[in-house]
Peer 1: 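Here's a structure for you.
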Amino acid sequence: MSMSISPLANPKGTKKLCELCQKPAYLQCTKCRVTFYCDVAHQQADWNSIHEKVCELLSSIRTPAPFSCFQADRDIHHMQTLKRLEHITQLSHAAAKSWVSEGKYSEAVPAAQLSLRCAIDIYGRDVVELVPAYLLLAEASIGLGSLSQAESCLSQAEWMVMKNPGCSRTVLHLLHRTLGHLHSAKGDYSTALLHFANDVYYASEEFGLDSVVTARGYFLMANVFMKQEKTDITNSLYSEVASIWHAHLSKLMECYSQKEHEGAQYFDVAQCAEVNQMLSVMLEAQQQDVNTHPAYSTTTFNSLGQRALLSHSLAILWFLCNDHKKALEFGRKAAEFSQQCEHNSLAESIQDLIQQAETHLNPEQTPIIHH
Amino acid sequence: MASAVFPRQKPRFLPDINEKSSVKASLHGKEMKKPNRGSAERERIQTTTMNADEIAQFRYSLHQNLCVSMLQEGFHGSFKKFSSLLQRWKDERLAAGPDSELWLQRSLEEQPDKLEMLREHLTRAEAAQRADQFVEVYESHLALAKFFSEPEDMWLRHHFYKLGLKAARKVKTDSSRREAEASEHLAHLYLERGDLELAQEHFEMFHHLAVGQSWQDESGHTHLSRACESLCRVYTLLAQRQLQCGEYRAAIQLLNQAYEMAKEAGDKTLEGEAVYRVGLAYQSMGSQTTAKQFLNMFMEISTALGDMESLGKAYKAIAKSLESEDKISDAIEHLQKYLEVCQENNQHENRQDAYMCLGSIHISRAQYERGCEYFTQAFEMACSLDSNPCIEKAQLCVGIARAHSMLRVYTSHLQINKPPNVSTLISWKETKEDKFHETLCEFAGSTHCS
């Protein structure tokens, strides 16, 4: 797979640099013959991350253009290269995104780098199209803990946004969210809050006040407030997020029951993990709240309702992700909570859900755990 | 100073060997300059350095800045309300289309003072809500509602009164005084908007809450009396609507309710008016005896109050009832009383009205002479009052009465058909003098007897 090369043997004027760290390269990928690495570790990392998927594509775009006499031929070749570059950008972007959402940040970095490099090749520097790539790279860097790297990426992105005043709110919302991540990682909570606030503003303008995108922004803000130990604000934000997600999931559930068990997938694995993490954190926070303030009857009362809501949401989530065992577990929990609190408007839909989950479980006998 | 300026005036191709580098020289120059700067300039530089907040204020719209600052402080509920209100306005405007009035109005986003106010009170309300201090919540909503006093902001006022009512219901310590007041505000708004049913509902709630409490406002009115007065008004308005549809029974029931409320309010004038309206309603339904009972009550109240105008109204209304019962002489008697009351109190317009009434009742009994007299008096009164419609009406009535009074004699002349009669007719037609018909009257009378 790899073939060693010596920098001294390179033709004059060409420098073979490592794909990942831009140092002089000693290894060459034997499949595509156009990517170089400084050592085996880097090659292995690149292969795991993205190179496996794009190896063949890269060889076609990185080999120099064949000589052709006509302008038309040269144009066609140029167009083809552009198309391939776009394809690679999309591929690597998607790969990096899924790595990031799975929390495997070191795997994400090479893919994000490749996506950024291809995007620069297509669009040039300082354009708003590069912002998503920079943001991904920054997110991966934050995950890896190299904040200075993330900061430089983000300031690049900010600069591009600043230079293009009419850029879309989706881009702005993503930028501010990543900036918020960075500042909360740095411990600068007030700046983080400012960025998350901007994030929520843009998201609500773009997707609506009750969308789950906005809810995610609320959740991130709540986490920052939690770190600042403002529990009352955190709780109210959590309850807002819970209600938004509950409404969203209930709607999905309705869709599901109307469509009669089609094979439609509502969440991919990464999304499912993210939502699950979010809801579980909130459920735990409610639990802790009850443990720390057992005296206030109103708070326990409120929190019981919240816990019922959250458990129900989790049950629906697992049900839609085809993990009926977990759905049943959370459904029973939700039923328990809703029985304890007085106005249990949820009880009916919870019972409904439990029944559906049971019917899915019993004929199968051996539940399929989806991961 | 001179050394600092020198290299600029004469740029050299190569840097001077004596100096270390051009960059350093310019830096050096800056340092040299610094102490010479005036303190004013330094101040200017200090003031022009901006922090991120100030930059944001310039770069983004006020709306965005307010939203972000609310969110930053954790007031997500306020943000939600704020945004949804603005969105609601936009939607309504779009739904109304470019032909509507709404289309031309200034949007809230263009009115910074309103946005600031919204932000301030919404955040205060949310903070109070988190701390379960509903009094504070209620007061901020109320302040907002009072702030939006312009007619085009009625929807906002409505919204915040509603929120205020919601908050007031949660206040446990004041035996629902705030709930009562919030209901009252809301009810007044509905009344202003013309939603009488909703207004009635909220006023009834207000009344229900105010019964048995000794709450007073600043001017010393009790809440209960205000509730009763308002309810009386609403019932009356509702009844008027029913009357227009011809639903007399429902109207009378409502008017009776209004009367009850007026009695409870303890305001005699109001009570009198309520009774009068009940009487009139019975009159228009045709049950004159009941109408007279109520009108007599009205008369008693008016005499007790010494309100002569109302007394006159009472006499007139009773006369009308009597007239429709064919008790003409009683009716005339009452109208005479009406006239007397008016004369005593120098109510010229009413006096003119009384003359007109008397005139028409005489005409209806075929006493044209008397009718004519009254009408002439009415005409004179109208002339002295200088009100055109009255003058015209009186003129017309005088004319009709005269014509009627002449008609009988005139026809008898025609029927007799002898030379003297004919000649008198001809001479009358030539002169058209008024005297003629008086003499004719006697003559006709004599011929009639024979």
Side-chain angles (χ1 to χ4, degrees), chain A residues 158 161-162 165 169 172-173 176 179-180 183 188-211 214-215 217-241 243-244 296-299 301-302, chain B residues 50-91 94 107-109 115 118-119 122-134 136-137 167 169-173:
Chain A
E158 248 187 320
V161 167
M162 201 91 83
R169 284 183 293 222
L172 284 167
H173 129 75
H176 281 291
L179 276 168
H183 285 288
D188 184 357
Y189 294 128
S190 61
T191 323
L193 276 180
L194 173 68
H195 286 298
F196 282 135
N198 270 307
D199 164 30
V200 170
Y201 172 76
Y202 287 122
S204 71
E205 289 278 290
E206 185 68 28
F207 303 101
L209 278 170
D210 299 327
S211 82
T214 318
Y218 282 143
F219 178 71
L220 294 170
M221 280 182 84
N223 288 346
V224 177
F225 278 119
M226 178 82 105
K227 280 175 191 156
Q228 284 185 332
E229 290 176 357
K230 292 176 180 167
T231 29
D232 52 339
I233 301 178
T234 313
N235 282 340
S236 80
L237 277 165
Y238 275 167
S239 64
E240 178 73 29
V241 176
S243 67
I244 292 175
Y296 301 120
S297 61
T298 50
T299 47
F301 185 70
N302 273 341
Chain B
M50 292 194 288
N51 59 7
D53 274 354
E54 283 166 330
I55 293 169
Q57 302 229 315
F58 280 108
R59 285 194 62 184
Y60 307 119
S61 65
L62 179 68
H63 171 221
Q64 180 175 352
N65 280 324
L66 289 178
C67 286
V68 168
S69 75
M70 273 190 273
L71 282 167
Q72 208 180 339
E73 288 155 31
F75 293 116
H76 64 97
S78 313
F79 163 71
K80 199 170 176 180
K81 275 178 203 154
F82 186 78
S83 302
S84 53
L85 277 177
L86 292 182
Q87 192 58 45
R88 192 174 132 192
W89 192 86
K90 274 184 205 159
D91 292 345
L94 272 183
S107 78
L108 274 179
E109 285 173 43
L115 290 185
L118 268 175
R119 186 211 157 201
L122 281 176
T123 48
R124 197 190 290 169
E126 193 178 353
Q129 184 130 30
R130 255 182 228 149
D132 282 348
Q133 290 168 339
F134 293 106
E136 181 95 355
V137 178
R169 280 193 184 137
K170 290 182 186 161
V171 179
K172 300 284 181 229
T173 51

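First the proteins, then the strands, lettered A, B, ... as listed; each starts at 1. Keep in mind that this is a model prediction, so the values were computed, not measured.
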Peer 1: Would you give the length of the straight line joining atom NZ of Lys81(B) to atom CG of Leu209(A), rounded to the nearest 0.5 angstrom?
Peer 2: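 The CG atom of Leu209(A) is 13.0 Å from NZ of Lys81(B), to the nearest 0.5 Å.
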
Peer 1: Just give me the residue among Asp232(A), Thr234(A), Asp199(A) that pairs up with chain B most often, heavy atom to heavy atom, under 4.5 Å.
Peer 2: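 Among the listed options, the one with the most contacts to chain B is Asp232(A).
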
Peer 1: With a 4.5 angstrom heavy-atom cut-off, could you sort out which part of Ser84(B) is near chain A: side chain, backbone, both or neither?
Peer 2: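 For Ser84(B), heavy atoms of backbone and side chain both lie under 4.5 Å from chain A.
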
Peer 1: Below 4.5 Å from any heavy atom of chain A, which atoms of Tyr60(B) appear? Answer side chain, backbone, both or neither.
Peer 2: side chain

Peer 1: Restricting to non-hydrogen atoms, name the atom on Leu193(A) and the atom on Gln72(B) that form the minimum distance, rounded to 0.1 Å.
Peer 2: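 Shortest heavy-atom separation between Leu193(A) and Gln72(B) comes out as CD1-O, 3.6 Å.
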
Peer 1: Do you know which of Glu126(B), Gln87(B), Arg59(B) has the most heavy-atom pairs under 4.5 Å to chain A?
Peer 2: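 Of the candidates given, the most pairs with chain A belong to Arg59(B).
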
Peer 1: Taking side chain as everything from C-beta outward and backbone as N, CA, C, O, which of these in Leu194(A) sits under 4.5 Å from a heavy atom of chain B? Side chain, backbone, both or neither.
Peer 2: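 Both the backbone and the side chain of Leu194(A) come within 4.5 Å of chain B.
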
Peer 1: Select one option (side chain, backbone, both, neither) describing which atoms of Asp210(A) are under 4.5 Å from chain B's heavy atoms.
Peer 2: side chain

Peer 1: Where does Glu73(B) contact chain A at under 4.5 Å (heavy atoms): side chain, backbone, both or neither?
Peer 2: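 When you check distances to chain A, only backbone atoms of Glu73(B) fall under 4.5 Å.
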
Peer 1: Assess whether side chain to side chain contact (heavy atoms under 4.5 Å, CB included) is satisfied between His76(B) and Ile233(A), documenting all intermediate values.
Peer 2: CA-CA 9 Å; His76(B) 64 97; Ile233(A) 301 178; 5.6 Å; no

Peer 1: Tell me, side chain or backbone of Phe196(A) under 4.5 Å from chain B's heavy atoms, or both, or neither?
Peer 2: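 Contact with chain B: none, neither part.
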
Peer 1: Please classify the contact between Thr191(A) and chain B as side chain, backbone, both or neither, with a heavy-atom cut-off of under 4.5 Å.
Peer 2: neither

Peer 1: Got Met70(B) and Tyr201(A) here, is their nearest side-chain heavy-atom distance under 4.5 Å?
Peer 2: no

Peer 1: Would you compute the distance between atom CD of Glu205(A) and atom NE2 of His63(B) and round it to the nearest 0.5 angstrom?
Peer 2: 5.5 Å

